[in-house]
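In what follows, every heavy atom counts, from backbone to side chain, and hydrogens, waters and symmetry copies are set aside.
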Amino acid sequence: MHYSSEQLIIFFAFLPILVASVTGAIKFKKLDTPLKLLSFLIFFALIIESISRILWLYKISNLFLWPVYVNVEFAFLIWIYSMELQNKFLSKLKIWLIMLFTAYVSYKTLQVSSRINLIDNSGRLVESIVLISIILFYYYKLYVNQPLSNLWSTPMFCVSTGLLIFFAGNFFIFLFINFILQYSQKLNYQIWIIHASLNCVLYLIYTFALWKSPQN
């Protein structure tokens, strides 16, 4: 069976996730709690990506995996930043934020489930806005409370930078994704290549952060 270069790039974009998973497994016992949670998220992402590729090879729609991953990702990242920031407001609201987001994504997914090849882009947009706001607050707190000469030596700064790049880029992708899906298959592949590239950058930064993490 012949696959285009675009399809192969998208298919093998999971490799940085595999590298990050192996790194997380090797360093797991030495990580602090937020980075252990990040490792669990990476392991989950590897499972979802593996299932997604198997379904894709058999030409079975894998779009149903999308809301599952987005909900789990949002929950883990909110929990991680509530621990990292030690912010009372976020700590009290994290459960409600996760529950409301899960309910919203589930509702929007059911709305588009009857329409072939459409995904719930609004869930990703909401996730991007919330997490970009939290990341910017993390930067502010880091600047005020912990000025460092080498910020890249701080694992959560690396993670936050990767997430900021990822969600900022994906905000614009998912703003127009459903229109693109219906407009042009070629443009659709190009957009997913950009998404795959952002995903690769994120997981390579995850790998760097996990590897650089100091021992407990």
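Counting heavy atoms from C-beta on, the side chains of Leu136 and Tyr140 never come closer than 4.5 Å. Two residues are said to be in side-chain contact when any heavy atoms from C-beta on lie closer than 4.5 Å; Lys94 and Tyr81 fail this criterion.
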Worksheet item: Under the side chain to side chain contact (heavy atoms under 4.5 Å, CB included) criterion, do Ile51 and Leu65 qualify, and how do the steps go?
Response: CA-CA 9 Å; Ile51 295 172; Leu65 295 170; 3.9 Å; yes

Item to complete: Could you please spell out the steps behind the side chain to side chain contact (heavy atoms under 4.5 Å, CB included) verdict for Phe74 and Val126?
Response: CA-CA 10 Å; Phe74 183 82; Val126 171; 5.9 Å; no

Fill in: Worked verdict on Leu151 versus Thr161 for side chain to side chain contact (heavy atoms under 4.5 Å, CB included)
CA-CA 10 Å; Leu151 288 172; Thr161 301; over 6 Å; no

Worksheet entry | Derivation of the ring pair (Phe, Tyr, Trp, His ring centres under 6.0 Å) call for Tyr203 and Phe166 | CA-CA 10 Å; Tyr203 281 91; Phe166 178 78; 7.8 Å; no

Fill in: Audit row: Thr102, Ser106, side chain to side chain contact (heavy atoms under 4.5 Å, CB included) steps and yes/no
CA-CA 6 Å; Thr102 301; Ser106 300; 4.1 Å; yes

Worksheet item: When you look at Phe174 and Trp66, which way does the ring pair (Phe, Tyr, Trp, His ring centres under 6.0 Å) test go after all the steps?
Response: CA-CA 13 Å; Phe174 285 95; Trp66 187 258; 5.1 Å; yes

Practice prompt. Please assess Phe157 against Tyr139 for the test ring pair (Phe, Tyr, Trp, His ring centres under 6.0 Å), listing each intermediate value before the final yes or no.
Written response: CA-CA 8 Å; Phe157 173 81; Tyr139 282 153; 5.6 Å; yes

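When the side chains of ILVMFWY residues are joined at heavy-atom separations under 4.5 Å, either directly or via intervening members, Ile129 and Tyr104 end up in a single hydrophobic cluster. In the hydrophobic clustering of ILVMFWY residues, with side-chain heavy atoms under 4.5 Å counting as a link, Ile165 and Leu38 come out together. Residue Leu100 is not grouped with residue Ile95 when hydrophobic side chains (ILVMFWY) are merged at heavy-atom distances under 4.5 angstrom, including chains of intermediate members. There is no path of hydrophobic side-chain contacts, each under 4.5 Å, that joins Val19 to Phe40. Cluster annotation: Ile78 and Trp96 are assigned to distinct hydrophobic clusters (Ile/Leu/Val/Met/Phe/Trp/Tyr, side-chain heavy-atom contacts under 4.5 Å, transitive).
Taken from CG in Leu37 to CD1 in Ile80, the straight-line distance is 5.5 Å, to the nearest 0.5 Å. Taking CD from Glu84 and CG from Leu90, the interatomic distance works out to 11.5 Å, rounded to the nearest 0.5 Å. With rounding to the nearest 0.5 Å, the separation of CD1 in Ile134 from CG in Leu85 is 7.5 Å. Atoms CD1 and CG, from Ile193 and Leu198 in turn, are 12.0 Å apart once rounded to the nearest 0.5 Å. If you take CG on Leu202 and OG1 on Thr207, they are separated by 9.5 Å, rounding to the nearest 0.5 Å. Taking NZ of Lys36 as the reference point, atom NZ of Lys27 lies at 12.5 Å (rounded to 0.5 Å).
Val105 approaches Asn71 most closely through the heavy-atom pair CB-OD1, 3.5 Å. The shortest heavy-atom contact between Ser21 and Ile42 is OG-CG2, 3.3 Å. Nearest heavy atom pair, residue Leu175 against residue Leu125, reads N-CD2, 3.7 Å. Shown here for Ser91 and Ser82, the closest heavy-atom pair between the two residues is OG-O, 3.8 Å. The shortest non-hydrogen separation linking Ile135 to Ser160 is CG2-O, 3.7 Å. Nearest heavy atoms, Cys158 versus Ile205: O-CG2, 3.0 Å.
The backbone N or O of Ser39 lies less than 3.5 Å from no partner atom in the side chain of Tyr206, so there is not a single donor-acceptor pair. Asp32 contributes a side-chain N or O that, together with a main-chain N or O of Leu35, makes up a donor-acceptor pair within less than 3.5 Å. Between the Lys141 side chain and the Tyr138 main chain, no donor and acceptor come within less than 3.5 Å of each other.
Residues satisfying the side chain to side chain contact (heavy atoms under 4.5 Å, CB included) criterion with Leu204, sequence neighbours excluded, are Pro16.
Using a cutoff of 4.0 Å between basic side-chain nitrogens and carboxylate oxygens, Arg124 and Glu73 are scored as salt-bridged.
Residue-environment remark: CZ (Phe172) stays at or below the threshold of 12 foreign heavy atoms within 6.0 Å. Within 6.0 Å of OH in Tyr107 there are 12 or fewer heavy atoms belonging to other residues, nucleotides or ligands.
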